[in-house]
Amino acid sequence: MTDTVTTDPIAARALGLLDALGVPAPEPGELGARTPITGAVLFPVRTDSPADAESAIERAAHAFRGWRTVPAPVRAAVVRRLGELLVTHREELGGLVTLEAGKIPAEAVGEVQEMVDVCEFAVGLSRQLYGRTMPSERPGHRLLETWHPLGVVGVISAFNFPVAVWAWNTAIALVCGDTVVWKPSELTPLTALACHTLLRRAARDVGADPEVHQLVLGGAENGAVLVDDPRVALLSATGSVPMGRAVAPRVAARFGRCLLELGGNNAAVVTPSADLELAVRGIVFAAAGTAGQRCTTLRRLIVHRSIADELVGRLAGAYGQLRVGDPTDPGVLVGPLIHERGYRAMTAALERAVADGGEIVSGGTRVDGFGPDAYYVRPALVRMPAQTAIVREETFAPILYVLTYDELDTAIELHNAVPQGLSSAIFTGEQREAERFLAADGSDCGIANVNIGTSGAEIGGAFGGEKQTGGGRESGSDSWKAYMRRATNTVNYSTELPLAQGIRFE
Ligand code: UN1
């Protein structure tokens, strides 16, 4: 990388991190690597064309023919090695996440840890891709199911978890015997180049075919190639509801499979018996952490009227102490929004909330001093008289709307009265209330927590949500089944040919 000259200190840091990760210098092109810390474009990066995307699919499809026959515990060696490389390069990859996505180092390194965790999970899983055996109704017959690799998995990921969501998909897909074509967010090409390099190195280190992983940089035009190509057996896409709405019918039209991880509008119910000290800590991390740019970010608080003033007071106190600024500065807890569009969406949402009678209790203002193209905001805490249309929308920014309730049933109704269904929480000291929230007529989300916030899920559980969140499940539990195809096998080891349902055909 010695021939790349740059004067921007962040660009120099990014190049240094890429070098330490062993990533070849990005070829210059139309895509700009950018940092939300200053809003500066660091250097140009080559983007792939739709024709490149097609050849990537071709190479992945070709690699699949061999990869599917490698035993799963042997395939796992690549993922085990990737996990080792991630441990070695935790700080460097975390550093790149900070520069490209604006996360504070603790969260950026946490994201890399999430990758390490899912690699460990996938390695163990490689010996547990269980099928069942069922009793056959016929004598001398065996009935069982076998799980086979699916094919090429297309992964489309978002800027806010530029590396962990890729790892959830890739670690599981690879042990399942699939090959991967990854189209990362065009906002985060550098972390993508780093992950691709590490994965390919892991494959080479253990003598596996590096072609099992393909990277396609660029925008929606390349995503569209993955969406429409019949060789992509599963399309796993993380992003907005409009993106999912565009993608899902097209994949369905060719009878492909979709795994969707779309918007969330996550809420927490706080009951009078809640430990408020604990609730405040959980709420502030979930609502203001990652500058409100997680799909699991807490966006709505549904508080019992009797404690609402006290809780809002305590939250306003905590919000007042949050340090907003350059994520690389020690002590900063809230970094920048990703871009101007995120900032505009936030101010527009706040205007609508105020027009609906909302009162901004804290934050919502831009923090200056980082340059015209950097967008830092104080997280907003807004009391709302009702759950109006803007509260039912996901705004990808740190806005926490506070609503009040009198009866738990009403709280749960309010909670579920949004189009999204990703994550949810209840803060309570009463088991009855907690169980009510987790019951069939409680939270309608894919994730429902008790006495912890809505974000920061562990990889061991299945991750995903209902309604407009898209219904997909990724990472832990039995999410692997989405990455494989099931064959039902009936084996006759007798000398007779009895037909099922007692049918005689003689
Ligand atoms: C996302 O925001 O797309 O539960 C993923 C969490 C993280 C993953 C978030 N483990 O907040």
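Note that ligands are numbered from 1 as they come in the structure, with each ligand's atoms numbered from 1 the same way.
- Annotation: atom 7 (C) of ligand 1 to nearest protein heavy atom, Arg294 NH1, 3.7 Å.
- Assignment of Trp168 to the shell around ligand 1 is supported, since a heavy atom sits closer than 4.0 Å.
- Salt-bridge check for Glu84 with Arg81: passed, with a basic side-chain N closer than 4.0 Å to an acidic carboxylate O.
- Atom 11 (O) of ligand 1 has as its closest protein heavy atom Thr296 OG1, 2.7 Å.
- Closest to atom 4 (O) of ligand 1, if we only count protein heavy atoms, is Ala457 N, 2.7 Å.
- Contacts between Ile459 and ligand 1, counted as non-hydrogen atom pairs separated by less than 4.0 Å, are absent for every part of the residue.
- Among the atoms of Cys295, some N or O lies under 3.5 angstrom from an N or O of ligand 1.
- Residue Glu430 holds its CD atom at 6.5 Å from OG1 of Thr271, rounded to the nearest 0.5 Å.
- Only side-chain heavy atoms of Glu114 come within less than 4.0 Å of ligand 1; its backbone N, CA, C and O stay farther off.
- Residue Thr238 has no nitrogen or oxygen atom sitting less than 3.5 Å from a nitrogen or oxygen atom of ligand 1, judged on distance alone.
- Considering OG1 of Thr238 and CG of Asn169, their distance stands at 6.5 Å, rounded to 0.5 Å.
- In summary, the atoms of ligand 1 found under 4.0 Å from a heavy atom of Gly456, numbered by their order in the structure, are 4 (O), 6 (C), 11 (O).
- Considering backbone and side-chain N/O atoms, Phe161 never comes within less than 3.5 Å of an N/O atom of ligand 1.
- At a heavy-atom distance under 4.0 Å, no atom of Phe285 approaches ligand 1.
- The environment of Glu458 atom CD is sparse: at most 12 non-hydrogen atoms of other residues, nucleotides or ligands sit within 6.0 angstrom.
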